[in-house]
Amino acid sequence: MSNGFDDIPFFDEEPAPRKPAGSPATAAGTPAAGGLGIAARAMAARDQARAPDYLSGLNPEQREAVETIDGPVLVLAGAGTGKTRVLTTRIAHILATGKAFPSQILAVTFTNKAAREMKERIGHLVGGAVEGMPWLGTFHSIGVKLLRRHAELVGLSSDFTILDTDDVVRLIKQIIQAEGLDDKRWPAKQFAQMIDGWKNKGLDPAQIPEGDARAFANGKGRELYIAYQNRLKTLNACDFGDLLLHPIRMFKANPDVLKEYHQRFKYVLVDEYQDTNTAQYMWLRLLAQRPPGVPQNVCCVGDDDQSIYGWRGAEVDNILRFEKDFPGAKVIKLERNYRSTEHILGAAGHLIAHNEGRLGKTLFTDRVDPNDGKVVVHAAWDSEEEARAVGEEIEQLQRQQHPLNNMAILVRASFQMREFEDRFVTLGLNYRVIGGPRFYERLEIRDAMAYFRLVCQPADDLAFERIVNTPKRGLGDTTIRNLHDYARARDIPMLAAAADIIETDELKPKARKALFDVVTDFRRWQSLLENTPHTELAEQILDESGYTAMWQNDKSAEAPGRLENLKELIRSMEAFESMRGFLEHVSLVMDAETNENLDAVSIMTLHSAKGLEFETVFLPGWEEGLFPHQRALDEGGRAGLEEERRLAYVGITRAKRRCHIWFVSNRRIHGLWQSTMPSRFLDELPSAHVEVAEAETSYGGYGRNPYGQSRFDKQEPFQNSYSTPGWKRAQANKTDATRDNWGTRSGHAVERIGYGESGPRAKTIEGELVAKSTTSEPSRFSVGDRVFHLKFGNGNIASIEGNKLTIDFDRAGQKRVLDGFVEKAG
DNA sequence: CTAACCTGGATTTTT
DNA sequence: TCCAGGTTAG
């Protein structure tokens, strides 16, 4: 990739030597004052004069957004208008023109993925200078960085622990119980969410609304919040909200420190500004605002039409009032779309126009191709048929050489995924589920991490309690409660308490011995921390603690997978310098990599699809109650509906060339079959860009009016065997087995399931199989055979039709599967 | 300490 | 309906 930087001098070093740790670096000098050579500056000026390459590919609006470096800028970037490109090029431009050093740019994103991508792209533009951009990251990771430098100012020490949601809930539960409250009546989870909500709004315990405070635990809400914060302080820990709030407190209380950062950050950039919550907004204003007369070089990029996180505290208002907050702001709209066909844009644009209170953008494209299809709306009888039909559509595209990687199924709610997964397993179509439970959230990983945490931070009581009796050491509730009381009474961490208490005779000999072993183990590991390679130490910890053995002795089906995950955990540590470094990474970056070498259909929620694009997008489940979701309507009213509509807009605009929308007439919700109405959003699509699919072929039975089927029409589809009451019952009977292999449903495991470990499993295309079966080729199986299926386990063949086997699985009940997916059990 | 049993909840999710 | 999480019985 060519760029304009090949011949531009690029500086990634700060002119002044690093300040010793502990004292925050004061503002670096400007580049001009920083001893940068005259020749270099001249070259930079020369290159600026002849408009460097990196600017030449931009359209006028993009270019304006890149080049308007001084003063506040709001870039309203519609879907697919080159938002990331503008951001990265803008940074490159600031650097290339010598306006600032990399370390003087504060660039904030929401997700680690976005941050990574930006680093990568800037790296491409400027050639490997990314290391020099220490302040490019998520709100939270930058928050951590600030906090580690100034922890004392908010009453923490700089090696504080970051708690994730799970830890927080456990902690809150303890607090609720300690207050003598019934933790069933007042669920910790709910209170954790309340605290999170308050923190999103930037509220200290003293500031929360009286009503909120009363709403929980007989009016003890505020009290509990205070108790929680105190407990965090004792533990030397932060939750995610604190990573934003502590810096805010710190800056407010220490204007001199804030001033240092004002001098440091010459340019501030924010991605996805429509998703900022109040706390982030406060944080940003503190850092970006300048005294009157000093230019505020802040650039926020966002799209009000893609604001879909209102439910977790995002304030679209932030983007709507940008001009008020930063007077003299220049607002630049990017409306030229480089992603989608005119039909897709037309459909999306018409839909989103139904929202009020938008800043108002209309995407357009020059790319007009008569071959481009309209957005297609399909109807199906129920979700099973929906999945089947989507599967067929995908296979058809696959036959036309379209890679599966270019296709995605975007659902409103994750329960919808299951039906697609089931279907794709049957078809042998590779798929990958994006989102869902993450690698680092798995039980075994969290346990292992707790060991590591406790070694690095002996005061981490949550980690201690998690693993003190895992594997089982005979340290039951009684012992732990004893220990807990002992620690509380002396105000010392539990591990330290354990070390003390084994010197006394407070415990029974058995427990005392067990605890003694634990304490000795941790002492030994701590002593090894500095001088042993961290991956080696990690392995040693897991082995010596008996944790590995615990899973080796476990005969359950998941155990081997868990051991594999532990190995993977150790492997992923290799990339880090130390165990501490690794822990920090994990607490902030909870995502696992997906295998991009695999050609697979992506299945994900609409929320996790934001920012992505695919040639072909399938949008199932457009029914009232599901999409727009009933709860969004009930709880959010009109605003809720509009957010749902934006979600629909996000969905459609993910598509580059093909967009298929589906709705079903019947859906099972909480186990009950309900007949459903097509989504109101379907009526909001323009007929000029949308067509309604004619009757679906093979499983057919639809009239030509899917919107208004008569009762008679609805009966038709039942004629295929999959819809017979018997098959339905068989489906209903599927009991336990279904999730077993799916317990580890993300990244690796799922990807493995779709296509099997035993090499490239037959990628079955139904058409071929049907053809095969009509030649009445004798099946390699016969009725009664004992067979094994990757997902369903062992079973006996009940009947055979061509290549379709009906099998009574031991655990999964009766299923129909294609013979390519079973082996003779051996 | 495990397994059977019961209960409640069932959008969206990052950090 | 179907899961997770907790409780209880053995």
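Naming: A, B, ... by sequence-line order, numbering from 1 per chain. Note that the structure is a prediction, hence the values are computed from the model and not measured.
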Query raised in the report: Less than 5.5 Å between centroids and less than 30° between ring planes, does A:Tyr309 satisfy that with B:dT13?
Result: no
Comparing A:Ile434 with A:Lys472, nearest DNA chain B nucleotide closer to 5' gives the residue A:Lys472
Side-chain N or O of A:Ser587 closer than 4.0 Å to phosphate OP1/OP2 of B:dT15
no
- Does B:dT11 have A:His629 stacked on its base, where the ring centres are within less than 5.5 Å and the planes differ by under 30°? yes
With the threshold set at 4.0 Å, does a side-chain nitrogen-carboxylate oxygen contact exist between A:Lys83 and A:Glu272? yes
Glycosidic torsion of B:dT12 (syn if within 90° of 0, anti otherwise) classifies it as anti
Check: Quick one: is A:Ser608 getting a side-chain N or O under 4.0 Å of the B:dT12 phosphate, OP1 or OP2?
Finding: no
Check your understanding: Are the charged groups of A:Arg423 and A:Glu419 less than 4.0 angstrom apart, N to O?
Key -> no
Pair A:Arg312 + A:Asp196: basic N to acidic O under 4.0 Å:
no
Item checked: Gap in Å between the two P atoms, one belonging to B:dT11 and one to C:dA4, rounded -> 15 Å
Taking atom types as they are modelled, would you say the side chain of A:Arg668 forms a donor-acceptor pair with the base of C:dT1 within the 3.5 Å cutoff? no
- Could you tell me whether A:Asp305 and A:Arg646 have a side-chain N and a carboxylate O separated by less than 4.0 Å? no
Expected list for residues 169-197 of chain A near DNA chain C, using heavy atoms below 4.0 Å, is A:Lys173, A:Lys184
